[in-house]
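Worth saying up front: this structure is predicted, and the values here are computed from it rather than measured. All values below come from the heavy atoms of this structure, side chains included, with hydrogens, waters and symmetry mates left out.
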Amino acid sequence: MKKSLLSLTFLALAFNYSNIQAQSLVDNTFMISRDLTNGTARFKAMGGVNTALGGDISSISGNPAGLGFYGQSDASISLNYLNNENKATYFGNSVNQTKGKLGLENIGVVIHYPTHNNTDFGWQNFNVGLSIDKQNNFNDNLKYLGTNNQNSIVHSYTDIMDEDAEFAGDFWNSYLVDKGAANSGRYFPTTLEADDKNQQMDLITTGYKYNTNVSFGANYGNKLYIGARFGFLSFNYDSKSTFLESGWTKTADEIKAENPTTDFAKPSNPAYQYTDITYDLTDINDLTLKGTGINAGLGIIYKPTWDWNIGVNITSPTWTEIQEDSNIETLVDYYKDPNTTTSLHPGYGSKNYGQSFDYAVISPWKSSIGLTKFFGGGLISAEAEYINYASIKYREIVANADLQFESETNYQIKNSFKGAFNLKIGGELLITDQFAVRAGFHYLGSPYKYDSQDDYIASLGFGYVITQSLYIDLAAMQYKQFNYGNSPYSFKTWNTPTPTADVTNTRTNVVLTLGAKF
């Protein structure tokens, strides 16, 4: 059932929005593995640089060696406001949909343990950090509607019916399909294809990826800083997709022209009552992914001179166990004409083709190297990170594991993704002893093997030291504006254009950090 469900999900309406493309199990493994941002407003404002820069709560989830720079304890909380705006054009009709959400971005504490050794020799401190850090935010809302006079979602269902006898026997009861010699024995829609059909898609996604980190950092002679991190992942993703289509069914003569022996042309047959009437079809696809994982990391920062830092950070693969629950069904109501609100016949409801199954995803290794240059009144830092997304692994973790399906999925992953370099650069300028301004740029290389869809995040921010103990930081991040096509359904055999909405996504994130040193 697992394989047929994936086919149904692809051909019908189960396409969960993930910035660029329709989603499958392969895409889910990528979504589970990818991190976009982490840390406090200070480092976010500087493009997320942390490999060669320490002394911030961000070091707990970034390069743990940065904890060695702390000379006192620190605690902070970061709140974020994510705003997603989608403009979608579908058959000439434009719809703007905006979704904003306030949430927790980061909370952390660093406890400083000095050793009181000579400042030029020996271990200077051993610091411990604990943080909860949001690494991805899935809140979004995509909506579009328009009038389609070229095809129907029922076309995609007939493709599935030709391959899946269980689905064919179920959807046959909708009276929206027939089967005849005129189509070489294939199923065909009894919906009126070349007539106006009102269509609407509404897709809401929510969820998060949080990492709880326990990190240790130490300072040796104010030259060498080392650290280790242990991470515990919490993943939650929920997608609710609803597609609506309203149109007319064909007349008995129109169906008879395609199937001379059709039951739809026999007045004594119940199918005859479903000709030349209007229908409202609702497709529902709910998908929920929940999981937990574990990873670890090691980091080093070396200061060859007072004004230079060189950093290296390595993060192990994350083993994440996922429970996937889906609900896929179709509902149809019938009316005499579009102006009637009373159902003409009992409605149709399909079986629920969803299911629940467990699996594991092993994310890639992550390696980064960075440099930081300090100068009078400021700094500039840059880093490069490499992640080989083709090395993502899918694992069956249930009894009676389907090893062939596991192998096929991993082959698709390897054939879909590639290694990517992510580059970050950021700077900080002290305007006064209390006020600093920051800017940064985060470039994310395309993870797709046959696509060059690079991404970036541009950021600005400032920091203000309120007292010797209290501080506040603010960052605003603008994500690359995405222009892409989104199709509510697709075809395998029908010679008709796939309906596609042209979507422009604009994403902005604002993060506020409040902290205290003690």
Side-chain angles (χ1 to χ4, degrees), residues 1-16 18 21-35 135-136 138 160 163-167 205 207-212 230-239 241 285-296 315-329 351-366 387-420 447-450:
M1 182 60 187
K2 188 187 301 179
K3 296 181 184 179
S4 63
L5 174 61
L6 293 176
S7 175
L8 173 65
T9 300
F10 174 74
L11 286 172
L13 57 109
F15 69 96
N16 305 296
S18 180
Q21 58 187 171
Q23 199 153 291
S24 65
L25 177 59
V26 171
D27 297 299
N28 287 345
T29 64
F30 170 70
M31 179 177 64
I32 293 165
S33 300
R34 195 184 200 194
D35 301 329
Q135 296 182 314
N136 216 331
F138 302 117
I160 303 170
E163 297 183 352
D164 191 317
E166 179 185 359
F167 179 75
T205 59
Y208 54 80
K209 181 180 180 181
Y210 276 109
N211 210 18
T212 300
F230 300 93
F232 305 91
L233 181 72
S234 177
F235 186 93
N236 191 307
Y237 175 86
D238 187 73
S239 167
S241 167
N285 175 32
D286 294 342
L287 174 68
T288 299
L289 306 175
K290 293 183 179 180
T292 57
I294 187 170
N295 58 29
T315 300
S316 74
T318 303
W319 174 279
T320 307
E321 294 191 359
I322 295 291
Q323 178 180 326
E324 178 172 322
D325 295 294
S326 60
N327 172 54
I328 304 174
E329 58 182 328
K351 296 178 181 178
N352 185 344
Y353 289 93
Q355 65 178 12
S356 176
F357 67 101
D358 300 332
Y359 56 90
V361 175
I362 306 174
S363 69
W365 286 89
K366 300 177 184 178
I387 306 173
N388 183 12
Y389 289 105
S391 67
I392 296 173
K393 299 298 182 185
Y394 167 84
R395 289 287 183 263
E396 293 265 324
I397 59 173
V398 296
N400 303 318
D402 188 342
L403 298 183
Q404 181 179 352
F405 179 77
E406 177 182 287
S407 178
E408 291 173 354
T409 302
N410 286 322
Y411 175 79
Q412 293 177 33
I413 291 172
K414 187 175 181 179
N415 198 46
S416 299
F417 302 113
K418 64 179 182 179
Y448 299 103
K449 194 170 185 178
Y450 302 106

Partners meeting side-chain contact (heavy atoms from CB on, under 4.5 Å) with [X] (sequence neighbours left out):
{"X": "K414", "answer": "none"}
{"X": "E406", "answer": "Y394, R395, E396, L403, N410"}
{"X": "N388", "answer": "Y386, A390, S391"}

*Do the side chain of S239 and the main chain of T205 share a donor and acceptor less than 3.5 angstrom apart?*
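Not at all, since once roles are kept as given, no pair shorter than 3.5 Å links the two residues.
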Least distance between heavy atoms, [X] atom then [Y] atom:
{"X": "E329", "Y": "K351", "result": "CB-O, 3.9 Å"}
{"X": "D286", "Y": "S241", "result": "OD1-N, 4.1 Å"}
{"X": "G291", "Y": "I322", "result": "CA-CD1, 3.8 Å"}
{"X": "I362", "Y": "P317", "result": "CG2-CB, 3.8 Å"}

*NZ (K290) with more than 12 external heavy atoms under 6.0 Å*: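 Check fails, neighbour count at 12 or below.
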*List for me each residue that meets ring-ring contact (aromatic ring centres under 6.0 Å, His included) alongside F230, sequence neighbours excluded, and say none if there are none.*
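With sequence neighbours excluded, F230 shows a ring-ring contact (aromatic ring centres under 6.0 Å, His included) to no residue whatsoever.
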_ring-ring contact (aromatic ring centres under 6.0 Å, His included) partners for Y210, two or more places apart_ =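 In terms of ring-ring contact (aromatic ring centres under 6.0 Å, His included), with neighbours along the sequence ignored, Y210 is linked to Y208.
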*What residues, two or more places apart in sequence or in another chain, satisfy salt bridge (charged side-chain N to carboxylate O under 4.0 Å, His left out) together with D35?*
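Listed in chain order: K209, K366.
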Tell me every residue that passes side chain to side chain donor-acceptor pair (under 3.5 Å) with [X], counting only those two or more places apart in sequence or in another chain.
{"X": "Y359", "value": "E324"}
{"X": "N295", "value": "R229, T318"}
{"X": "T288", "value": "D238"}
{"X": "W365", "value": "none"}

For the atom pair [atom1] ([X]) and [atom2] ([Y]), what is the distance rounded to the nearest 0.5 Å?
{"X": "Q323", "Y": "I397", "atom1": "CD", "atom2": "CD1", "value": "9.5 Å"}
{"X": "N236", "Y": "T292", "atom1": "CG", "atom2": "OG1", "value": "11.5 Å"}
{"X": "L233", "Y": "Q135", "atom1": "CG", "atom2": "CD", "value": "7.0 Å"}
{"X": "I413", "Y": "T29", "atom1": "CD1", "atom2": "OG1", "value": "3.5 Å"}
{"X": "I328", "Y": "N352", "atom1": "CD1", "atom2": "CG", "value": "8.0 Å"}

*State, yes or no, whether a side-chain contact exists between Y237 and I32 at a heavy-atom distance under 4.5 Å.*
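Not in contact.
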*Could you walk me through whether N28 and L287 pass side-chain contact (heavy atoms from CB on, under 4.5 Å), step by step?*
CA-CA 11 Å; N28 287 345; L287 174 68; 4.3 Å; yes
*S363/T320 under side-chain contact (heavy atoms from CB on, under 4.5 Å): CA gap, chis, key distance, verdict*: CA-CA 8 Å; S363 69; T320 307; over 6 Å; no
_Can a side-chain donor-acceptor contact be found between Q404 and E408 if the only test is distance below 3.5 angstrom?_
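Looking only at side-chain atoms, Q404 and E408 do form a donor-acceptor pair, the distance falling under 3.5 Å.
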*Please work out which of the three classes, parallel, tilted or perpendicular, describes the rings of Y353 and F167, given edges at 30° and 60°.*
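Perpendicular: the ring planes of F167 and Y353 meet at over 60°.
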*Starting from the C-alpha separation in whole Å, work towards a yes-or-no answer on side-chain contact (heavy atoms from CB on, under 4.5 Å) for F235 and L289.*
CA-CA 7 Å; F235 186 93; L289 306 175; 4.0 Å; yes
